[in-house]
Amino acid sequence: MNRRAFITLLGGTAAAWPLAARAQQSGVPVIGYLNNGSPESDGPRLTGLRRGLNETGYVEGRNLIIEYRWAGNRADRLSALVADLVQLQVSVIIAAGSLPALAAKGATTSIPIVFSVANDPVQLGLVASLNRPGGNLTGFNAFSGELGAKRLALL
């Protein structure tokens, strides 16, 4: 191989490298994470999320990307943050709390949304019913209001 052919081959490989890397990343699922708080206040929840994903074979940065969006306790920022996640066409949106879940519900009817709320999701208007949520939302309800009264009665 002569010098000119070698330089052409090397240059072509260098130019194609970013395109190949971008094509490989397109098959990687992207999770959108939306929270009204801050990263500092969300440590235990994120630790649990990452642990659960790792147990199912998904490792952030290796075969999964998580796009984090925190509103910094400013609920007025949630609609813009979730619009950004929708524009990125994430695979799923994780909404941590009632306000992020309501913002996500208002932003998309096609991207699946997984929420965790303390209040009744039916009363909040997130789902039609607990046994048949319908739509693109599902999630976890801590029943804090109902269980708080029961705990007090037991005490």
Side-chain angles (χ1 to χ4, degrees), residues 16-155:
W17 189 272
L19 297 174
R22 204 172 302 133
Q24 286 177 349
Q25 283 188 348
S26 67
V28 175
V30 179
I31 293 176
Y33 184 86
L34 183 64
N35 192 315
N36 190 43
S38 65
E40 296 79 25
S41 66
D42 212 18
R45 184 178 293 159
L46 291 176
T47 300
L49 173 66
R50 290 183 187 118
R51 184 179 305 131
L53 289 168
N54 289 345
E55 289 172 2
T56 59
Y58 290 101
V59 179
E60 184 179 6
R62 188 175 334 151
N63 59 357
L64 173 76
I65 297 170
I66 302 177
E67 288 288 336
Y68 299 96
R69 300 292 183 272
W70 283 281
N73 294 319
R74 292 188 44 211
D76 59 318
R77 295 185 61 211
L78 286 170
S79 60
L81 294 173
V82 75
D84 184 38
L85 293 175
V86 170
Q87 184 178 0
L88 288 173
Q89 297 178 346
V90 296
S91 302
V92 64
I93 296 173
I94 297 174
S98 301
L99 293 175
L102 289 167
K105 181 182 181 186
T108 181
T109 58
S110 59
I111 298 174
I113 300 167
V114 179
F115 60 80
S116 78
V117 296
N119 300 329
D120 183 4
V122 176
Q123 284 183 340
L124 289 172
L126 292 173
V127 296
S129 71
L130 293 179
N131 60 343
R132 295 195 185 268
N136 61 325
L137 281 90
T138 189
F140 172 76
N141 179 1
F143 292 104
S144 293
E146 294 86 353
L147 292 178
K150 186 67 171 176
R151 287 182 186 128
L152 185 59
L154 289 172
L155 183 64

Strictly distance-based, threshold 3.5 Å: is any side-chain N or O of [X] a donor or acceptor partner for the main-chain N or O of [Y]?
X    : Y    : answer
D42  : S38  : no
S41  : G37  : no
N136 : T108 : yes
R69  : L34  : no

- [ ] Applying side-chain contact (heavy atoms from CB on, under 4.5 Å), run through V86 and I111 and close with a yes or a no.
- [x] CA-CA 8 Å; V86 170; I111 298 174; 4.2 Å; yes
- [ ] Only one of I93, L81, L88 passes side chain to side chain contact (heavy atoms under 4.5 Å, CB included) with E67; say which it is.
- [x]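 With E67 as partner, side chain to side chain contact (heavy atoms under 4.5 Å, CB included) holds for just one option, L88.
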TODO: State which residue, out of L137, I94, V82, T138, fulfils the side chain to side chain contact (heavy atoms under 4.5 Å, CB included) condition with I113.
DONE: L137
Open item on the list: One pair to check against side-chain contact (heavy atoms from CB on, under 4.5 Å): E60 and I65. What are the steps and the verdict?
Closed with: CA-CA 6 Å; E60 184 179 6; I65 297 170; over 6 Å; no
Open item on the list: Could you report the tightest heavy-atom contact between P29 and S91, atom names first, then the distance?
Closed with: CA-OG, 3.9 Å
Task: R45 to A96 - nearest heavy-atom pair and separation - done: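 Here R45 and A96 meet closest at NH1-CB, 2.6 Å.
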Open item on the list: Taking atom OH as the centre, does Y58 end up with more than 12 heavy-atom neighbours from other residues, nucleotides or ligands that are less than 6.0 angstrom away?
Closed with: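 Check fails, neighbour count at 12 or below.
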Open item on the list: Does Q89, at its CD atom, have more than 12 non-hydrogen atoms belonging to other residues, nucleotides or ligands within less than 6.0 Å?
Closed with: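 Open: at most 12 neighbouring heavy atoms sit under 6.0 Å from CD of Q89.
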Open item on the list: Just so I know, are the side chains of V117 and L126 near enough to count as touching, which here means a heavy-atom distance under 4.5 Å?
Closed with: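 In short, these two side chains touch, coming nearer than 4.5 Å.
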TODO: Give the intermediate values and the outcome of side-chain contact (heavy atoms from CB on, under 4.5 Å) for residues F115 and V127.
DONE: CA-CA 11 Å; F115 60 80; V127 296; 4.0 Å; yes
- [ ] Check the side chains of N35 and Y68 for a donor-acceptor pair under 3.5 angstrom, ignoring hydrogens and angles.
- [x] no
